[in-house]
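Inspection log for the structure reproduced underneath, given as structure tokens.
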Protein chains: 2
Amino acid sequence: MDDIKQENQPKGGRRRGEVLEQAILQAAWEELGEAGYARLTMEGIAVRAQTNKTALYRRWPNKAKIVAAAIKKHMPKTALAAPDSGDLRTDMLQLFESFARPLQGIGAETIHGLLVEYHGDNLIALLPKILPPKSGGKLNAIMRTILENAEKRGEVRLDRIPDRVIMLPADLFRYELLTTHEPVSDETITGIIDDIFLPLVRIR
Amino acid sequence: MDDIKQENQPKGGRRRGEVLEQAILQAAWEELGEAGYARLTMEGIAVRAQTNKTALYRRWPNKAKIVAAAIKKHMPKTALAAPDSGDLRTDMLQLFESFARPLQGIGAETIHGLLVEYHGDNLIALLPKILPPKSGGKLNAIMRTILENAEKRGEVRLDRIPDRVIMLPADLFRYELLTTHEPVSDETITGIIDDIFLPLVRIR
DNA sequence: CACATAAGGTACGCAACGTACCGTACCTTA
DNA sequence: TAAGGTACGGTACGTTGCGTACCTTATGTG
């Protein structure tokens, strides 16, 4: 009861492959939550996962890659889809619920830390939800679908909406994510949609 | 000719106080430009300033504070003022010219690095232009002045503009600063103003 | 049952931070 | 002008954390 490691066999029970890998990523995720990125150490992850640094470096070349992998593992696996509620505002709120909520758990400090260590490498490829390609990636396509649906209902005129405006809600959310320490409030999200996005796209 | 240090007196010529301090900050600024924040070391700064780490730590407690001081020193000293050209769009472009241009020299990597080391302390107090208080600080007041002038000309209705919209151009600029590696293009700035800000505030 | 494979474990080299210590130049003040 | 305090120059050190080397020990596969 005082040592989880030995709950199966007093000796042996050595973990391998996938099992060990998941244990390490889990440990990394927990350390990230408790210590934050700056105070995160490879040693700390290894100890928590009841293994040693060697096992970590056999799989990932550095701290940033481990953390990125841990984050990836803890993001929802379901692909983002375009809501179609019959109302643009509702669609946007639902999209944010599924897109933004999971990102809340990461925290600005972690993102900044990753960015420093990668200093320009393709973190984009690693965490596209946080730093998407300029084109907007998958989220851009979803936004277009939502707006096309709204256009059919006469809510918007898609050809009058600049590209920049299409990614605006997501960009503003990410800005909040990067510059505040608290989770982004519901009030902020509704503000982005009601005070900025909708006035820009709605036909007047 | 092979040692700048000795160009005045073969012996002595020891710098003190303000002179030394400025030399250190200058060295820090140059190192920052050449090595970037991640590769910046206290030793490197000391060597470039032709002094030693002790002299640095006598003045600043850590790397982040030195870098912040160096940045501060290299920002324009003139206080930001509200342009009044007689046209809202021109005012905004002029404001960005004086507000945004100096920040270009800093670079995303440096800001991220500072944010990691401060992880929530009041970097805001240190670099208010980059991370302003929630209220928007001085820039908010300037924006209001610009908009009041525009209101007198009938361009906008200030009481219909949400707070969030007032800080929107600056926020979007900062988002660009934080998420791109190249300097923010003129096209981006005009896009922010023409595609987003002006449509939101102009009376229709 | 032998053997390749991968885990456990320890120790190490390295870089950078931040501190301690001491000798020495400079400035101030009497 | 001589004394004494202050701050700089310089070096050495303790510490932490990264990433690597090397060996030992399970495991499971043919």
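Naming convention: chains lettered A, B, ... in sequence-line order (proteins, then strands); numbering from 1 in each chain.
Counting only Watson-Crick or G-U wobble pairs whose defining distances are both under 3.5 Å, the stems of 3 or more consecutive pairs in DNA chain C are C:1-30 with D:1-30.
When rounded to the nearest whole Å, the span between CG of B/L20 and C1' of C/dC27 equals 16 Å. For A/I45 and D/dG19, the CD1 to C1' distance is 14 Å, given to the nearest whole Å. Rounded to whole Å, the distance from OH on A/Y37 to C1' on D/dC18 is 12 Å.
Between B/R48 and B/W29, every side-chain heavy-atom pair lies at or beyond the 4.5 Å cut-off.
Evaluation of the side chain to side chain contact (heavy atoms under 4.5 Å, CB included) rule for B/E176 yields B/T180, B/V184, B/T188 as partners, not counting sequence neighbours. Legend: residues meeting side chain to side chain contact (heavy atoms under 4.5 Å, CB included) with A/A150, ordered by chain and number and at least two apart, are A/L88, A/R153, A/E155, A/V156. Applying the side chain to side chain contact (heavy atoms under 4.5 Å, CB included) criterion to A/P162, with sequence neighbours excluded, gives A/V165, B/D195. Judged as a side chain to side chain contact (heavy atoms under 4.5 Å, CB included), and not counting sequence neighbours, the contacts of B/A49 are B/I24, B/A27, B/T51.
In summary, of the residues considered (B/L25, B/I66, B/L20), a side chain to side chain contact (heavy atoms under 4.5 Å, CB included) with B/R59 occurs for B/L20 alone.
Between the side chains of B/T54 and B/N52, at least one donor N or O lies within less than 3.5 Å of an accepting N or O. Remark: the B/Q22 side chain and the B/Q26 side chain contain no N/O donor-acceptor pair separated by less than 3.5 Å.
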Exercise. Quick one, give me the B/S/- string for nucleotides 17-24 of chain C, reading 5' to 3', where B means a protein heavy atom under 4.0 Å from the base and S means that only happens at the primed atoms, P, OP1 or OP2.
Key: BBBB--BB
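The shortest distance between the side-chain N/O atoms of A/R59 and the OP1/OP2 oxygens of D/dG19 is not below 4.0 Å.
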